[in-house]
Amino acid sequence: MNEHDSERIAADLMASGMERIDDPELADVVVVNTCCIRENADNRLYGTLGHLKSVQERHPGMQIAVAGCLAQKDRETILDRAPYVNVVFGTHNVSRSVALLEEARERSEPVVEILESPVEPEDAFAPAAPVHVDHPYSAWVTIQVGCDNTCAYCIVPQVRGPERSRPFAELVSEVEALSRRGTFEVTLLGQNVNSYGRDLALALRSDPGLDATRLAGERFASSRRSVRPLFGDLLSAVGEVEGIRRIRFISPHPKDLRDETIVAMAETEAVCEQLHLPLQSGSNSVLRRMRRGYTAERYLERLEIARQSIPDLAVTTDIIVGFPGETDVEFERTLEVVAEAHYDSTFTFIYSSRPGTEAAKLIDDEIAPEVIAERYARLKAVVDRSALECHRDRIGRKEEIVVEGVARRDPSLQQGRTRQGKVVLFAPPTTPLEPGAIAQAQIVDAGSYHLRGEVVAPPAVPRPARRLIPVATD
Ligand code: 5AD
Ligand code: SF4
């Protein structure tokens with residue numbers, strides 16, 4: 001969500017006439033978009049700002065803006081510790097960057113704009129933005145903002161507010177518009193995507209005056225009695241948009257992963273064979289203390305149903321190590337469940353106490369850093385082994401890749417992404433492939449984090465998404 005916000009800010013600044021550059025030393029404006037989900041982001045912010053201060057001293061007039069949920073949470077601290085910052089704005093003010101920088105240029109003091117929630121619910125949803133402003137083939141589409149869950153460790157509900165779904169018909173028309181502009185891959189974003197539509201259905205039931213076609217889409221406009229549209233309905237509708245060939249989404253919550261969603265994934269050709277299903281812990285007692293609303297057994301059962309329904313499904317997850325009070329036995333249960341789930345990749349996080357959360361009160365139960373480090377290493381060994389096995393299993397297969405550009409880890413290579421979301425590194429042909437090109441790659445080697453491939457078929461030109469329409473002139 002934060003990366004998406006960063007690209008939206010970049011797109012607005014570019015639309016106002018700025019050019020994007022990588023080197024802060026040469027920039028007239030630097031926007032630091034922050035995230036407060038874990039504490040190390042706090043520490044990194046002040047280090048980054050300290051560095052930018054010296055750049056600003058050498059380059060008078062350079063503007064520094066701090067955006068995002070950490071800016072929202074710590075506005076006073078930022079102004080105290082870094083009074084040279086020119087603009088501070090929050091997650092509900094993402095679309096205001098250009099105006100705020102302008103205002104700060106005219107005033108000699110910092111401009112701060114932080115809304116606790118959007119003024120109008122509609123303002124919560126800025127238009128979809130390309131994943132990279134320069135490459136419109138892939139776009140993020142926010143389908144829902146905020147979160148109504150109460151995970152004991154998580155600060156997101158505080159900073160992103162209650163859950164709101166974007167009207168169904170608006171989303172579908174936005175994807176249609178993206179496709180006309182050349183987008184063929186969309187990633188649907190929300191904190192808890194499979195509860196998409198719940199608030200829309202409730203609003204429709206309680207207020208018959210609302211525009212049902214806009215909120216629920218034409219197909220479900222008359223189903224005011226049932227809870228529709230569902231997330232699965234959205235997957236099917238986006239899958240029907242001409243030109244959309246890859247649909248991804250993050251993140252579903254295991255407690256809400258309904259059969260309907262799994263069926264829609266299986267039946268919608270464009271939905272990629274990829275599921276990110278955050279486990280957090282494999283221990284039922286820790287899951288209960290985390291208030292996650294499922295047990296390990298129920299999680300594994302949902303996962304099994306998804307795997308049986310969707311052939312070749314890649315599964316990834318998030319795990320938190322060292323939740324307060326986590327015992328050795330509880331941690332070992334996580335190792336067992338992780339091994340059983342056999343993930344393609346895992347994001348592992350060290351528990352970080354966040355102010356205002358329920359878990360932040362459990363100071364006496366916090367786990368010693370050396371115990372956490374040891375558990376983290378043991379978990380890493382299990383997840384790396386499982387990822388390597390999943391990746392080795394791809395060797396010898398031919399996979400469709402969408403080219404992303406130069407490989408991040410080795411500039412002599414290019415990288416592309418498979419439908420399962422795996423990165424494939426390959427030697428570029430004489431003329432390197434353009435980002436957004438679709439090619440076939442033979443997988444020849446695998447590591448825990450990526451695949452190696454050889455491009456075996458010339459890149460297909462993606463089916464033109466832009467239709468040529470004769471224009472009458474008089
Ligand atoms: N400490 C550590 N990890 C956290 N996450 C969320 N909050 C915390 C926290 N306080 C992790 C969860 C979530 C991912 C986005 O970040 O695993 O799924
Ligand atoms: Fe945080 Fe839980 Fe909501 Fe995810 S579902 S954003 S972990 S409160």
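Ligands are counted one by one from 1 in listed order, and the atoms in each one are counted from 1 as well. Position 1 is the first residue of the sequence; numbering continues from there. The model shown is predicted, which means the values in this text are computed figures rather than measured ones.
Under the 4.0 angstrom criterion for non-hydrogen atoms, Arg292 is in contact with ligand 2.
Of the possible polar contacts, one joining the His391 side chain to the Gly447 backbone as a donor-acceptor pair under 3.5 Å is found. Proximity of a side-chain donor or acceptor of Gln414 to a complementary backbone N or O of Val403 within less than 3.5 Å is not detected. Counting only distance, with no hydrogens or angles, the side chain of Glu163 and the backbone of Gln144 share no donor-acceptor pair below 3.5 Å. With hydrogens and angles disregarded, a donor-acceptor distance shorter than 3.5 Å links the side chain of Asn194 to the backbone of His253.
Atom CZ of Arg291 sits in a sparse spot, with 12 or fewer heavy atoms from other residues, nucleotides or ligands closer than 6.0 Å. The local environment of CZ in Arg307 is crowded, with over 12 non-hydrogen atoms from other residues, nucleotides or ligands closer than 6.0 Å.
Given atom 3 (Fe) of ligand 2, the protein heavy atom at minimum distance is Cys147 SG, 2.3 Å. Ranking protein heavy atoms by distance to atom 5 (N) of ligand 1, first place goes to Arg38 NH1, 3.8 Å. Among all protein heavy atoms, the one lying closest to atom 12 (C) of ligand 1 is Gln280 OE1, 3.4 Å. In this structure, atom 2 (Fe) of ligand 2 lies nearest to the protein heavy atom Cys151 SG, 2.3 Å. The protein heavy-atom contact nearest to atom 2 (C) of ligand 1 is Ile350 O, 3.4 Å. When hydrogens are left out, the protein atom nearest atom 4 (C) of ligand 1 is Ile320 CD1, 3.7 Å; that is the closest non-hydrogen contact. Nearest to atom 4 (Fe) of ligand 2 among the protein's heavy atoms is Gln191 O, 4.2 Å. When only non-hydrogen protein atoms are considered, atom 7 (S) of ligand 2 lies nearest to Tyr153 OH, 3.4 Å. Of the protein's heavy atoms, Asn149 ND2, 3.4 Å lies nearest to atom 5 (S) of ligand 2. Of the protein's non-hydrogen atoms, the one nearest atom 8 (C) of ligand 1 is Tyr153 CD1, 3.7 Å.
Side-chain atoms of Asn93 and Gln72 form no donor-acceptor pair, as typed in the model, at a separation below 3.5 Å. A donor-acceptor contact under 3.5 angstrom links the side chains of Ser283 and Ser285, judged on distance only.
Residue-ligand proximity, Pro157 to ligand 2, at heavy-atom distances under 4.0 Å covers atoms 8 (S). Set against the non-hydrogen atoms of Tyr351, the atoms of ligand 1 under 4.0 Å away are 1 (N), 2 (C). With ligand atoms numbered from 1 in the order given, ligand 1 contributes 10 (N) to contacts under 4.0 Å with heavy atoms of Arg354. Atoms of ligand 2 found under 4.0 Å from any heavy atom of His253, numbered from 1 in the order shown, are 5 (S). Using a 4.0 Å cut-off to heavy atoms of Val156, the atoms of ligand 2 that qualify are 6 (S).
Scanning all heavy atoms of the two residues, the minimum distance from Ala446 to Leu451 falls at CB-CD2, 3.9 Å.
Relative orientation of the Tyr343 and Tyr299 rings is perpendicular, given thresholds of 30° and 60° on the angle between their planes. Taking the six-membered ring where tryptophan is involved, the planes of Phe249 and Phe231 are perpendicular, since the angle between them exceeds 60° and thus also 30°.
For Pro278, no heavy-atom contact with ligand 2 is shorter than 4.0 Å.
Stacking of Arg96 on the aromatic ring of Phe89 is not recorded, the 6.0 Å distance cut-off and the 45° axial limit not both being met.
The N/O atoms of Ser352, backbone and side chain alike, include one that comes under 3.5 Å of an N/O atom in ligand 1. For ligand 1, the polar-atom distance check finds an N/O of Asp318 within less than 3.5 Å of one of the ligand's N/O atoms.
Among the backbone and side-chain atoms of Cys154, no N/O/S atom is found under 2.8 Å from atom 3 (Fe) of ligand 2.
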